[in-house]
Amino acid sequence: CRKPWNCAGCKEDEQCTGKNDHIDPRTADYDHCMQVAKTWHEMRNDLEQQIVALTGNDKVLSEGQKGSYKKDVFMGHCDADGQSGYVPIAASKENMAVTVTKIWKETK
């Protein structure tokens, strides 16, 4: 599998953005990789929801989830296959600091 922010959703027999962008069936199970990526993107979505709830910054969702590539897996965080297709979290450092501080305090 690839890192979730690599937006690797291409099977070996599909048209990929580069020769090494597909999930290689010799080393990984495609369906498992897509489930792992989906779980990671669900967790990112949860973080984005918390950022909005704590800061009121709705742009975190509208800008950070604007991708259209395999939305069922990548949840709007990718607009194309490959790392260049990744849509970063659209929160300022201040918004992230507020959120992370709140989450950290809740887990202690």
Asks: So with a 6.0 Å cut-off around NZ of K71, is the heavy-atom count from everything else above 12?
Replies: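 Counting other residues, nucleotides and ligands, NZ of K71 exceeds 12 neighbours.
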
Asks: Evaluate the side-chain hydrogen bond (donor to acceptor under 3.5 Å, both in side chains) criterion for residues H77 and E48: first the C-alpha distance (whole Å), next the side-chain angles of each, then the deciding distance (0.1 Å), finally the verdict.
Replies: CA-CA 11 Å; H77 303 139; E48 290 168 324; 2.9 Å; yes

Asks: K38 and side-chain contact (heavy atoms from CB on, under 4.5 Å): which single residue from H41, M34, E42 fits?
Replies: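 Of the listed residues H41, M34, E42, the side-chain contact (heavy atoms from CB on, under 4.5 Å) partner of K38 is E42.
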
Asks: If you group Ile, Leu, Val, Met, Phe, Trp and Tyr by side-chain heavy-atom gaps below 4.5 Å, do L47 and L61 land in one group?
Replies: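 In one cluster with L47: L61, yes.
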
Asks: Distance check, rounded to the nearest 0.5 Å: N57 atom CG versus K59 atom NZ?
Replies: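 If I round to the nearest 0.5 Å, the distance is 7.5 Å.
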
Asks: What is the distance from atom CH2 of W40 to atom CZ of F74, rounded to the nearest 0.5 Å?
Replies: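 Separation between the atoms: 10.5 Å.
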
Asks: Pair N6, Y86 - check side-chain hydrogen bond (donor to acceptor under 3.5 Å, both in side chains), show working.
Replies: CA-CA 7 Å; N6 281 352; Y86 183 66; over 6 Å; no

Asks: Measuring from I89:CD1 to R44:CZ, what's the distance to the nearest 0.5 Å?
Replies: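 That separation rounds to 5.0 Å.
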
Asks: Nearest heavy-atom pair of V73 and A37: which atoms, and what distance?
Replies: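 That would be CG1-CB, 4.1 Å.
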
Asks: Return the CG to CE distance between N45 and M75, rounded to the nearest 0.5 Å.
Replies: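 Output value for this atom pair is 4.0 Å.
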
Asks: Which atoms form the tightest heavy-atom contact between C1 and A28, and what is the distance?
Replies: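 Closest pair (atom of C1, atom of A28, distance): N-CB, 3.5 Å.
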
Asks: Identify the heavy atoms of C33 and I23 that sit nearest to each other, and give their distance.
Replies: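 That would be SG-CG2, 4.0 Å.
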
Asks: A side-chain contact here means heavy atoms from C-beta on lying under 4.5 Å apart; do Q50 and I103 qualify?
Replies: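 When only atoms from C-beta onward are counted, I103 and Q50 do touch, with a gap below 4.5 Å.
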
Asks: What do the steps show when you test N95 against V98 for side chain to side chain contact (heavy atoms under 4.5 Å, CB included), and what is the final call?
Replies: CA-CA 5 Å; N95 285 170; V98 166; 5.8 Å; no

Asks: Please report the interatomic distance CZ(R2) to SG(C10), rounded to the nearest 0.5 Å.
Replies: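 One gets 10.5 Å once the value is rounded to the nearest 0.5 Å.
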
Asks: How long is the span from the OG1 atom in T101 to the CE atom in M96, to the nearest 0.5 Å?
Replies: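 The distance works out to 10.5 Å.
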
Asks: Considering residues at least two apart in sequence or located in another chain, which fulfil the salt bridge (charged side-chain N to carboxylate O under 4.0 Å, His left out) criterion with D29?
Replies: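 D29 satisfies salt bridge (charged side-chain N to carboxylate O under 4.0 Å, His left out) with no residue once adjacent residues are dropped.
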
Asks: How close do G9 and D81 get, heavy atom to heavy atom, and via which atoms?
Replies: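 Minimum heavy-atom contact is N-OD1, 2.9 Å.
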
Asks: Looking only at side-chain N and O atoms, does D31 offer a donor or acceptor that is under 3.5 Å from a partner on Q35?
Replies: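 No pair is found: no donor N or O on one side chain lies under 3.5 Å from an acceptor on the other.
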
